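Keep in mind the model is a prediction, meaning the values are calculated, not measured.
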Amino acid sequence: MEELEAEAAELDGYFSDADLDPQPNYPPLDESFERAVVITNLPKVPESKLEKLTKVIMKLLNRIGKLAVNEETGFTGLFLPTKDSKTLGFAIVEYETVEEAKNAVDVLQDYSFDKNHALSIIPYQRAQYLQDVSVEKFEAPQAPPFAEKPNVTSWLEDPSQRDSFVVRHGKETVIFWSDGKSQPQLDYSGEREKEQGITWCDYYCHWSPKGSYLATLVPSKGVILWSGKDYQKTARFAAPGVDLVLFSPQENYLLTNNNKRNDPAAIKIFHIATGRLLRAFGLFPKDVEPDGNIPPPQFQWSHDDKYVARMGKSLISIFETPSMRLLEKRSLAADGINEFSWSPSANVLAYWAPEVKNSPAHVDLIEIPSRKKLRQKNLFNVTKVSMVWQESGDYLGCKVTRHTKSKKTLYNNIELFRLNEPGVPVEMLDVKDAVMALAFEHKGSRFAMIHAESPSSAKCKVSFYDMRKKVDAQKKKGQKGPPQKQWVNELNLIRTLDGKQCNCLFWSPAGQTIILASLGENASGTLEFYDVETESLAIKEHYRANGVLWDPSGRTVATVVSQPIGGGHFKYAMDNGYVLWTFLGKQVHSSSFESFYQFLWRPRESLLSPGEIKKVRKNLKQYERQFDMQDKERLRALKMEETKGKRAQRTRYRDLVARLRAIRERQKDERIGLMNGYDSDGEGNYIEREVTIETILSSKEEVI
């Protein structure tokens, strides 16, 4: 008791007489849970494997952003609940910022955690809402009424097998039919939109690779897709400021680009069927510094739509569709890469890189997704490499511009890769001249190139080569007659044409025919239609032409004089327009416009296999009578349409005469009575007399 009294005396005066009202300075309490997400479909493991699972999840989560770690409480940002010494298959994760949490939802959705588990991730607030939803109150949503979509292949059912094209001139966007023999016929010019006061295209337009859709660009809103027989609105994609679109080859995806350097979503990739935005990218990759003189690297699609790739700094980023995640979570290393391109028929990447220190320049072929290097060709003293694929993907040509040690003299050689042969052999073609253009025949083994002593030469040469050569086969014992011919994979020169005035080459999609064109502002506009097999030549001219476009069938080719929509080139106002030619060089049609921006043929894929095409060509004479009858019927229908007005006038005239005769016949009795019984129409009141008049048409005197 004495001790307590002594302690009380010691503490006397220590406590304040004021009322106790503590106000601790706690940090604000965050009750929104916007930084938290719930991950489900995780593996259910026992406690013995919990530590290993936690490390794997933490490694994955830290790639997205920083977790909300609390050292005082020991919270790591990840909570894995357990029951009966086993995880429950889900986790609660908290990030430091709301943006990181949203990014985690976008990136980790459907992520393949392992072979048996694809992650599902939702915001924590969404999980709370779902927890309060009563199963008894659930009502299945009403399915929207079925709306039949336009038939995107209806144009292929045209009985005359015509091709179609679209032109942009002034404020008009017009689609025409073309049969390659007569004047184009109007298909659609936006009448429905004009009645509604809508402009269906404000900028350029683009066909999809198979011709199923027409994309019209409206920069203030985005991209609109049209399809079907009546060009109905099929889809709309929000992409303000868009000035470029790129369809995937199989028409599953659409890429839009507004070319704005400061826009983190300048490039958008959409799924066409659902209209869903899959992912957005900046104009430049994160590791590439924007340069005003260097255009941004472009995305390129693989032939089967499985991948889309873009070049970065010493790498190629390859994204899988539809997840739009990096292939195997890492980019493809490509030291010093300068340019790349996909094979048109296989998932093979070709890229070239210049010389770096003691390492030579090289062209590499990489198989995707295995990343296996199929071939590497080292090159020395290289200034530039231009890669050209054959349409079937059988060959790759690389035009290599090289320099001497002094770097004052440039020269060329062509590296030719045979991709369908084991080991991908490479042949080098030495060219002493400067090579200005190189082009492969679309589905054949031939290629052509323009070369001259100097790139500025007024006259040049055009050489034709074949990647295959026909040789005599070895005779078998007892074989009689001349030896049979067989094809071998050997490069051979077909012929060289001298003294040509051209700077561009355009092969017909049907092969065999090529146009040697002189295009550009200072060019002559000469067009030489050359048949490689028959060596026939037709020379035409389209003054100031700056484009040559073949239709998909190879029957018709268009030459155009166009100007950019942005303005300028007013000096071309008198020449703007297009001309249609047959593959033989005969002019079919021409149109001129004050402002002409674009001409595009509607693409279409071949519905026949190479074997079926050969069979049709072999039996072509069997179809000639059928084709002739169809042509005569078409010409007859065209003539009937042209004379429709005249025939209508003739019918109206005949009807009028018949009506007047009927009136006169009804008035006959009254007329005879007025004329005291005289019938002016009676045959007995007329006398028939024959008179023969002889006329000398010509005379000839002969002196015997």
>> Quick test of your reading: applying ring-ring contact (aromatic ring centres under 6.0 Å, His included), list the pairs with at least one residue in residues 322-365, sequence neighbours left out, ordered by first then second residue.
In response: none
> Under the ring-ring contact (aromatic ring centres under 6.0 Å, His included) rule, what pairs show up with a residue in residues 310-330, not counting sequence neighbours?
Replying inline: Phe281-Phe319
Please output the side-chain donor-acceptor pairs of residues 393-400 that fall under 3.5 Å, not counting sequence neighbours, one pair per line with the distance.
{"from": "Asp394", "atom 1": "OD1", "to": "Asn420", "atom 2": "ND2", "distance (Å)": "2.5"}
{"from": "Lys399", "atom 1": "NZ", "to": "Val435", "atom 2": "O", "distance (Å)": "3.2"}

By side-chain contact (heavy atoms from CB on, under 4.5 Å), which residues pair with [X], not counting sequence neighbours?
| X | answer |
| --- | --- |
| Lys221 | Val218, Arg236 |
| Pro240 | Lys268 |
| Val548 | Phe506, Ile515, Ala517, Leu519, Leu527, Val557, Thr559 |

All side chain to side chain donor-acceptor pair (under 3.5 Å) counterparts of [X], not counting sequence neighbours:
| X | answer |
| --- | --- |
| Arg310 | none |
| Asp114 | His117 |
| Ser317 | Ser331 |
| Glu328 | Arg330, Arg371 |

>> Quiz question: by atom type and distance under 3.5 Å, do the side chains of Asn258 and Asp263 form a donor-acceptor pair?
In response: yes
>> Just by distance, no angles: are the side chains of Gln501 and Thr526 close enough, under 3.5 Å, to form a donor-acceptor pair?
In response: no
> To the nearest 0.5 Å, what is the distance between CH2 (Trp487) and CE (Met467)?
Replying inline: 13.0 Å
>> Which residues pass the ring-ring contact (aromatic ring centres under 6.0 Å, His included) test with Phe270, not counting sequence neighbours?
In response: Phe237
>> The criterion is ring-ring contact (aromatic ring centres under 6.0 Å, His included); which residues satisfy it with His451, sequence neighbours excluded?
In response: none
